[in-house]
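Worksheet: the structure to be examined is printed underneath.
Below, chain A is the first sequence line, B the second, and so on; all start at residue 1. All of these numbers come straight from a predicted model, not from anything done at the bench.
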2 protein chains.
Amino acid sequence: MTAAHVHHPDLTRNQSLVYDVLNGSDAPLSAYSILDALRGEGFRAPLQVYRALEKLRAYGLVHRLESLNAFVACSHPDCAGHETAGFAICEKCGKVSEFAEERIAAPIRDWAKAEGFVLAGSTIELRGLCRDCREG
Amino acid sequence: MTAAHVHHPDLTRNQSLVYDVLNGSDAPLSAYSILDALRGEGFRAPLQVYRALEKLRAYGLVHRLESLNAFVACSHPDCAGHETAGFAICEKCGKVSEFAEERIAAPIRDWAKAEGFVLAGSTIELRGLCRDCREG
DNA sequence: ATTCGTTATGTTATGTCATAACACATCCCG
DNA sequence: CGGGATGTGTTATGACATAACATAACGAAT
């Protein structure tokens, strides 16, 4: 676990294993990929992964990418407060950049307020080519 | 077909049936719900639905909601040009409001440009309570 | 230290969403 | 009318996610 994430309970063994796999990956991973990566640690069933992911997401350590059905470790020191985090997904190399831009989040909150929509959460995912792949 | 959508080829029978089901629904529908709705019209297999949806999305008549694994008819007269449409999904009544706010799209394009990210498409989905459900 | 509620885990089975592969039909255009 | 492109039907399979139930570990209060 990184020193930056100090605001959540200690992780259980399963949670820690799942987090480490995600944190060590360049690209998002599906739950079943995580399962395969942890068979050597005794994992046998999808629920072992999904239950750990559920907790890790609640702690703000992991995000789900809805457009990929996949998961990533949070790249920010204190993510739990970022209700409107966004992700830029490179369609060539698969890497994901997480951003928490107030310039993007603010107009969304403003729109919701003007509409009378009580905002509980958001999914913001961009697809395209990252700088490296565009140049390559 | 609505008079507003005049910029795409005529729909085939399957495409038209799928579009009508979506257009007549208050809330997003899964592909399998659409399939069930069309069994009386002779639909037997998921592919019949998915293939129609694929075309309808290409025409800009239908959107996919990634966070729900479901589909909605487009609510705008000319949606094909809206690369950064967003959706507000009510978690109580299930209704979806589509929006195409330049105030939200512009800062996303700006961020992408500053990052050197070539934007190909985006998913913007908000979860919460719509005005009606908040008041109810 | 024992009881008891809460949380985590293991396991099997099932449910839900989506596509591969192949065959056949239809349409349109030259 | 011939031939490529597109649409359709069907079977089978792959990929993602959860229900239901049993057992175990933990932690606080007595």
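Nearest-nucleotide mapping onto DNA chain C: of A:Lys55 and A:Ala45, the residue sitting toward the 5' end is A:Lys55. Mapping B:Phe43 and B:Asn69 onto DNA chain D by nearest heavy atom places B:Phe43 at the nucleotide closer to the 5' end.
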**OP:** Would you please test A:Ser97 and B:Glu115 for side-chain contact (heavy atoms from CB on, under 4.5 Å) and show each step?
**Re:** CA-CA 10 Å; A:Ser97 307; B:Glu115 286 289 311; 5.5 Å; no
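Listed nucleotides D:dA20, C:dA18, C:dT9 differ in distance to A:Gln15; the shortest reach to its side chain belongs to C:dT9. Of the listed nucleotides (C:dA8, D:dA20, C:dA18), C:dA18 has the atom at the smallest distance from the side chain of B:Phe71. When distances are taken from the side chain of B:Arg44 to each of D:dT10, D:dA17, C:dA8, the shortest belongs to D:dT10.
Residue A:Leu61 holds its CG atom at 6.0 Å from CG of A:Leu11, rounded to the nearest 0.5 Å. In this structure, the separation between CG on A:Leu68 and CG on A:Leu29 is 11.0 Å, given to the nearest 0.5 Å.
Between the CG atom of B:Leu53 and the P atom of C:dA18 there is a distance of 9 Å, rounded to whole Å. Look at CG on B:Asp10: it is 13 Å from C1' on C:dC27, rounded to the nearest Å. For the pair B:Gln48 CD and C:dA23 P, the computed distance is 19 Å after rounding to whole Å. Across the protein-nucleic acid pair, A:Leu47 atom CG and D:dA17 atom C1' stand 8 Å apart, rounded to whole Å. With rounding to whole Å, B:Leu11 atom CG is found 16 Å from D:dT6 atom P. When the P atom of D:dT8 is taken as reference, atom CD of B:Glu41 falls 14 Å away, rounded to whole Å. Rounding to whole angstrom units, CZ of residue B:Arg51 and C1' of C:dC17 are separated by 16 Å. One atom, CG of B:Leu68, and another, C1' of C:dA18, lie 16 Å apart when rounded to the nearest Å.
In the displayed structure, B:Arg134 atom CZ is contacted under 6.0 Å by more than 12 heavy atoms of other residues, nucleotides or ligands.
Between A:Asn14 and the phosphate of C:dG10, there is a side-chain N or O to OP1/OP2 separation shorter than 4.0 Å. The phosphate of C:dT7 has neither OP1 nor OP2 within less than 4.0 Å of any side-chain N or O from A:Thr12. Contact annotation: A:Tyr50 does not reach the phosphate of D:dT18 (side-chain N/O to OP1 or OP2, under 4.0 Å).
Side-chain atoms of B:Arg13 and base atoms of D:dG7 include no donor and acceptor less than 3.5 Å apart.
For an aromatic pair to be called close, the ring centres must be under 6.0 Å apart, and B:His63 with B:Phe87 satisfies this.
B:Thr123 and A:Arg127 share a donor-acceptor pair across their side chains, judged by distance under 3.5 Å alone.
The pair A:Asp36-A:Arg39 counts as a salt bridge, with a side-chain nitrogen and a carboxylate oxygen less than 4.0 angstrom apart.
Looking at residues 27-40 of chain A, you'll see A:Ser30, A:Tyr32 sit with a heavy atom under 4.0 Å from some atom of DNA chain D.
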